[in-house]
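Below is one structure, written out as structure tokens, with a few remarks after it.
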Number of protein chains: 2
Amino acid sequence: MSDTTLLNQQFRLAARPVGLPKPTDWQMTSEAVRDIGDGEIVVKALYLSLDPAMRGWMNEGKSYIKPVGIGDVMRAGGVGVVLASKSPKFVVGDHVSGSIGVQRFWVGAADDKYGAFFKIDPTMAPLATWLNTLGMPGMTGYFGLLEVGQPKAGETVVVSGAAGAVGQTVGQVAKQLGCRVVGIAGGKDKCDFVVKELGFDACIDYKAGDVRAGLKEYCPNGVDVYFDNVGGDILDTVLTRINMRARIVICGAISQYNNTAPVKGPSNYLSLLVNRARMEGIVVFDYADRYHLGVAAIGKWLKEGNFKSREDVVDGLEKFPDALLMLFTGKNFGKLVLKVADA
Amino acid sequence: MSDTTLLNQQFRLAARPVGLPKPTDWQMTSEAVRDIGDGEIVVKALYLSLDPAMRGWMNEGKSYIKPVGIGDVMRAGGVGVVLASKSPKFVVGDHVSGSIGVQRFWVGAADDKYGAFFKIDPTMAPLATWLNTLGMPGMTGYFGLLEVGQPKAGETVVVSGAAGAVGQTVGQVAKQLGCRVVGIAGGKDKCDFVVKELGFDACIDYKAGDVRAGLKEYCPNGVDVYFDNVGGDILDTVLTRINMRARIVICGAISQYNNTAPVKGPSNYLSLLVNRARMEGIVVFDYADRYHLGVAAIGKWLKEGNFKSREDVVDGLEKFPDALLMLFTGKNFGKLVLKVADA
């Protein structure tokens, strides 16, 4: 990679946002891609994953992962292709997935312990799918549902953010297990999609009306597992409909991420007591040593045509700041990815 | 029991309280104790158990147990002595524990499925102890801690309402298991009691100041198990100090029971996500078929002098309305019991 004239472009965190990230919270920078040393690789970004969790990484304070520093390249998972390698782990042309960051090129040690890259098979599924049902959101849904939600055939599983990246996996895995699956999503199009395309039994349009009435209608036997991606009022409403020994998987709380007021705690949490129910958090990284099992299972279902993966692709690195906001206004339809380059 | 002139006196629920129960929410009635038929017994109340949960039973609406009806005798556990029996299960003079209600005499079928009486051994422990560490609160603490909290030796267990009925059992059982135990209680006397008498490692006086600072000081390795009897701000504060895979046992929320505003949900519940932690409810009735195991374990520790049981005895059935309020103002010191008769 010496003599390269490759120009990297990056989005760096310029300021910690208050509420929704503003354009001035970002700084776009350019720099030449540096030479690599022994053990290092250059990865060219093809698709970047845009996730609600990114909002949390922009805040200061202790969380499950350290915050992005001011002036640092914004963290983002992505898929790309190896352009140069002085590592025995990868050869030029390998397709890889890992923590690329919001930039055109990633340069560093191939065996970096944190966020190490791993090879992906582009013949198994389109590249963007490796950021969706075969990627972090898919693994979050798969392991979160199976390990924390522990659904049994015949039980009723409710998932919010049903058309989103995690939600579409949760619902489809639950259907594979023989559960009754009810989604909660915003708008008729998303609801139609999860029912007609993904095979959910029903979907409640929280923008159209009464979630409580929807739960009564579509979950006549109550809720055994609730996979929560949104928090806020929807979590509180579902808590009124849970069954004895229900499991609530706390995966996210997108309704609360841009709050400037304190997070709204679930007022109905004493329903956990009444119903001897459980509320438990899930962070996908805990299952890293078993991702291959999740990928194999979902990959098989995808191949058989029993599983779908819907991505919402925004084209162009420069669109990053606006694209990210789509997550918080519910504008994306399917897993949101940012296309950075063709190949 | 024919020809009896026994006069029963009862506290009946006259109105559903708003906030703290008022004197006018009760009606005191008198009636002759009726004759018994085949299979029935008369139990003379000696001690009644006064519990925070009683406040919930006075509300309308679905809970883990049906509400007390307007005009019904207030539900209460108690210990008493069998005065008359036409049941093969009991003979006159047996000491029993069961759902006596707030009255002087209980009359009914001995094998009533709900709230059946069972014999207790008054030589094993004083009668009031059978409403405390050997009774429902003891079983709540014992099974709630072991089954839901699942503490391991060396872990840090925090319990609120530490000097109360459930709290004293939780902390002492956790000490038996080799845990570090930190209580939260109101006032220096209660804190001194749980540390000096019950052997807790430390106790935070929430009335004196900063619970957060106390947790930092006394739980230097974080909180692995939190047994919550109080809810509200204390639950929220503990949530900021939990460890990875912590278990929060939701046993009660005494701070919220007399709310006229909605219950305050735990704003910091996303700490469950960050820490992959769990919040789970416990209702003691689920362990009814294993109470004898809890009684045997705690009874053995009591006998060995390794376990203490502190009751706060208020004398006189007529004191019931005022005594109940002591629970919600934190005036009781130890398990609150109402003494109805000597023998």
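By convention in this document, chain letters (A, B, ...) are assigned in the order of the sequence lines, proteins followed by strands, and residues within each chain are numbered from 1.
Proximity to chain B is limited to the side chain of A:Leu270, based on heavy atoms less than 4.5 angstrom apart. Looking at A:Asp236, neither its backbone nor its side chain comes within 4.5 Å of chain B, counting heavy atoms on both sides. For A:Arg245, the part lying near chain B is the side chain, with the backbone staying farther off; criterion is any non-hydrogen pair under 4.5 Å. Contacts between B:Asn275 and chain A at a heavy-atom distance below 4.5 Å involve the side chain alone, from C-beta outward. Contact of A:Leu235 with chain B is made through the side chain alone, with heavy-atom distances under 4.5 Å.
Ranking B:Val249, B:Ile250, B:Val148, B:Ile248 against chain A, the residue ahead of the rest is B:Ile250, based on heavy-atom pairs under 4.5 Å. By number of non-hydrogen pairs under 4.5 angstrom with chain A, the leading residue of B:Gly265, B:Gly231, B:Gly56 is B:Gly265.
Taking a 6.0 Å sphere around NZ of A:Lys207, one finds it holds more than 12 heavy atoms contributed by other residues, nucleotides or ligands.
Side-chain atoms of A:Leu272 and B:Glu280, non-hydrogen and from C-beta on, never get closer than 4.5 Å to each other. Proximity of A:Val283 to B:Leu273: side-chain heavy atoms (C-beta onward) are separated by under 4.5 Å at one or more points. Between B:Ile282 and A:Arg276 there is no side-chain heavy-atom pair separated by less than 4.5 Å.
Atom CG in A:Asp228 sits 5.5 Å away from atom OH in B:Tyr269 (nearest 0.5 Å).
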